[in-house]
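Below, chains carry the letters A, B, ... as their sequence lines are ordered, and counting in each starts from 1. Source: prediction; values computed, not measured.
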Protein chains: 2
Amino acid sequence: MKAKITLKDIARELEVSISTVSKALKNSEEISRDTKEKVQAFAKLYNYKPNNIAISLKNKRTKNIGVVIPAIVHHFFTTVIRGIEKYANAKGYNVIVCLSEESFDREVINMEMLANGSIDGFIMSLSSETQQKGDYNHLKEVTEQGIPLVLVDRVTNEVDCDKVIIDDELGAYMATKKLIEQGRKKIALITTDDYLSVSKARTEGYRKALLESNMDIDENRILKLSSMQMDEKSIEVFFSKKKVDAVLCVNEIFTVFSMRLVQKKGLRIPDDISFIGFTDGVLSRYANPSLTVVAQHGERMGEIAAQMLIDKVENENEEGNYQTKILEPTLVVRDSTVN
Amino acid sequence: MKAKITLKDIARELEVSISTVSKALKNSEEISRDTKEKVQAFAKLYNYKPNNIAISLKNKRTKNIGVVIPAIVHHFFTTVIRGIEKYANAKGYNVIVCLSEESFDREVINMEMLANGSIDGFIMSLSSETQQKGDYNHLKEVTEQGIPLVLVDRVTNEVDCDKVIIDDELGAYMATKKLIEQGRKKIALITTDDYLSVSKARTEGYRKALLESNMDIDENRILKLSSMQMDEKSIEVFFSKKKVDAVLCVNEIFTVFSMRLVQKKGLRIPDDISFIGFTDGVLSRYANPSLTVVAQHGERMGEIAAQMLIDKVENENEEGNYQTKILEPTLVVRDSTVN
DNA sequence: TTGTAAGCGTTATCAG
DNA sequence: CTGATAACGCTTACAA
């Protein structure tokens, strides 16, 4: 086992000073061609690589960005991470991922862990428990410390920082409009509790589209479920009681589960009943029939968030002056709606 | 903006030395009750938290573990990460995730980036390109440097280190046996190129089960696809040409896609044709019909890997002496097979 | 009981 | 052209 070699080691072996080695490796003008060659050759031979930690301490820059998200077994978040990784890596940054698992406490703990010097900035999406509590002190603290923060998808107005979201209201509006255009009269909405910022916006888009078409909103056709776990029972009860000819769901899983349910009852999709979901993931693509969805462009969101963050990290002058980037959702039409 | 406070700041304000502050905060016996109280109160007031980077430099321990995986938009890897996070966080470690995106070069770059002091150890799963090339020098290098490494799922014999895998051969064997027991005679296998360690093992399990039941192996019933992208065309061609009554696929996507295909041709699942896939993810759970799968217990694998790694990190004495943990797969029977 | 100093690996400033 | 020194923030012998 050959342990990592340091500047000191090189200096000792070559009988020069540490600073000479440091400069030589940086190809400094100050150092003679001779010495530089000697040092560089030696360094290459022993595969010298500067120690990141030491550099971080010196520069007060870690080149790490902290990502705190509620869950990772969700296709959407997975694409966001991918986008972040892509941009961050290209810029020489590493991504430290922490999962809050929808828990407020875990979110706080993770942030504190990272805020003590481990990262240069945060990208995060709020846990549902945090949104429910409405307690954002942990976010305010990091921003007050001057650590840049970018909120993605699940955001709040209570914190001043950069944000990247998609226009969820518009997405739901587009989807609902689509269903109306296809002549659907009884359009249901399966969503989660309103404290989730995105669900709330989607519900509004749904209402807006109905109102605009002079269709009345039947509150009985709106099913609100917990965002924490999959509540299959409630969905079953819902479909056994309500007669609807179209359904908009706020995520893939609700949609696919519902589709299977109504198919078992003998309904044909999209002939008897249409479905539109949110998130353009594998579930949608490979469902049977394939699912029409509102695509959220998670990867793009991740990239933009990373870009905004790294911008702030590298130009600390432009503090304040926060932006909210709103991406347009896209309707991806597949077989669960009439074409 | 109140920037982070350091020991130095506290020392200056309280007019004591830095080491006194350090000791006081650690409740050292050496320090008088008075001073300790004063220092601790002040520290609490200004919310002092030690700087992780400085501590890392001092201890030569980062409390970070590096995870390099081929992809994140794969349910299986996602569960592995979750398992790693769970154990690592409980032990006070952060997880730095890097994606190789199935590319050898990205794998190498990421590892080099992290190996220069950013992490205490690696958990990784080989990219398919790496397995194809068979070039493992980047892994050997880190182990030679004394950085602990745990390989997960996609492993190689060429590198001496801890490993966690599931018994893929057994999984495929169990699945195939199941199909045979149900009276299936023409069992197809949809897999990926053999250089992927897991695919190879699964193919062997499939063969073994057939041989054991004195069924002959029709090579035409084995379809090998690229592991890099989803090759829908080939699957379509395959099913248009072959008559089979059961299919074992090495992942969820192949399975679900195939199921939809044959359903469109009017076949009924599982009456006319049965399906078994690998990976117990959302796709399987919410497919129609729900999918019988070989569960790989990714989360458990992640936890075990994290445990093995942190063990090695914290007891560097027990170097060498590598183990390979082999988990048993489980057959999760759902509706795509006769029960 | 408190403080000084060295060290972790680098870089930057300044003197030689 | 080269090297000593200080500094980043912290810990820990060792002095005082």
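Here the range on DNA chain C touched by chain A, meaning any atom under 4.0 Å from one of its heavy atoms, is C:dC8 to C:dC14.
Residues in residues 143-164 of chain A take part in no ring-ring contact (aromatic ring centres under 6.0 Å, His included) pair, two or more places apart or across chains. Listed by first and then second residue, the salt bridge (Lys or Arg N to Asp or Glu O under 4.0 Å) pairs involving residues 47-64 of chain A are A:Arg61-A:Glu316 (not counting sequence neighbours). Within the structure, every pair that satisfies the salt bridge (Lys or Arg N to Asp or Glu O under 4.0 Å) test and touches residues 9-24 of chain B, not counting sequence neighbours, is listed here: B:Asp9-B:Arg12, B:Lys23-B:Glu30. Within the structure, ring-ring contact (aromatic ring centres under 6.0 Å, His included) pairs that include any residue of residues 19-55 of chain A comprise A:Phe42-A:Tyr46 (at least two apart or interchain). Counting only residues at least two apart or in different chains, ring-ring contact (aromatic ring centres under 6.0 Å, His included) contacts with residues 97-150 of chain A comprise A:Phe104-A:His138.
Nucleic acid contact class of B:Ser56 (heavy atoms, under 4.0 Å, all strands): none.
Applying the salt bridge (Lys or Arg N to Asp or Glu O under 4.0 Å) rule to B:Glu102 yields the partners B:Arg154; only residues at least two apart in sequence or on another chain are considered. With sequence neighbours left out, A:Asn59 forms a side-chain hydrogen bond (donor to acceptor under 3.5 Å, both in side chains) with no residue at all.
Summarising the geometry of A:Thr62 relative to A:Asp120, their closest heavy-atom pair is N-OD1, 2.7 Å, with the distance given to 0.1 Å. Nearest approach of B:Asn94 to A:Cys98, heavy atoms of both residues: ND2-SG, 3.9 Å.
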In B/S/- notation, 5' to 3', how is nucleotides 10-16 of chain D contacted by protein heavy atoms closer than 4.0 Å? BBBBB--
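A donor-acceptor pair shorter than 3.5 Å cannot be found between the side chains of B:Ser125 and B:Asp153. B:Thr130 and B:Ser127 are linked by a side-chain donor-acceptor pair at a separation below 3.5 angstrom, with hydrogens and angles left out of the test. A donor-acceptor pair shorter than 3.5 Å can be found between the side chains of A:Thr20 and A:Ser17.
Within the structure, a side-chain polar atom (N or O) of A:Thr20 is placed less than 4.0 Å from OP1 or OP2 of D:dG3. At the phosphate of D:dT2, OP1 or OP2 sits under 4.0 Å from a side-chain N or O atom of A:Ser32.
Using a 4.0 Å cutoff on non-hydrogen atoms, no part of residues 109-120 of chain A comes near DNA chain D.
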Side-chain donor-acceptor pairs under 3.5 Å in residues 297-309 of chain A, sequence neighbours left out?
residue  : atom : partner  : partner atom : Å
A:His297 : NE2  : A:Thr330 : OG1          : 2.5
A:Glu299 : OE2  : A:Lys86  : NZ           : 3.4

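Direction change of the helix axis from one end of the helix from C:dT1-D:dA16 to C:dG16-D:dC1 to the other is 60°, with five pairs defining each end axis (rounded to 10°).
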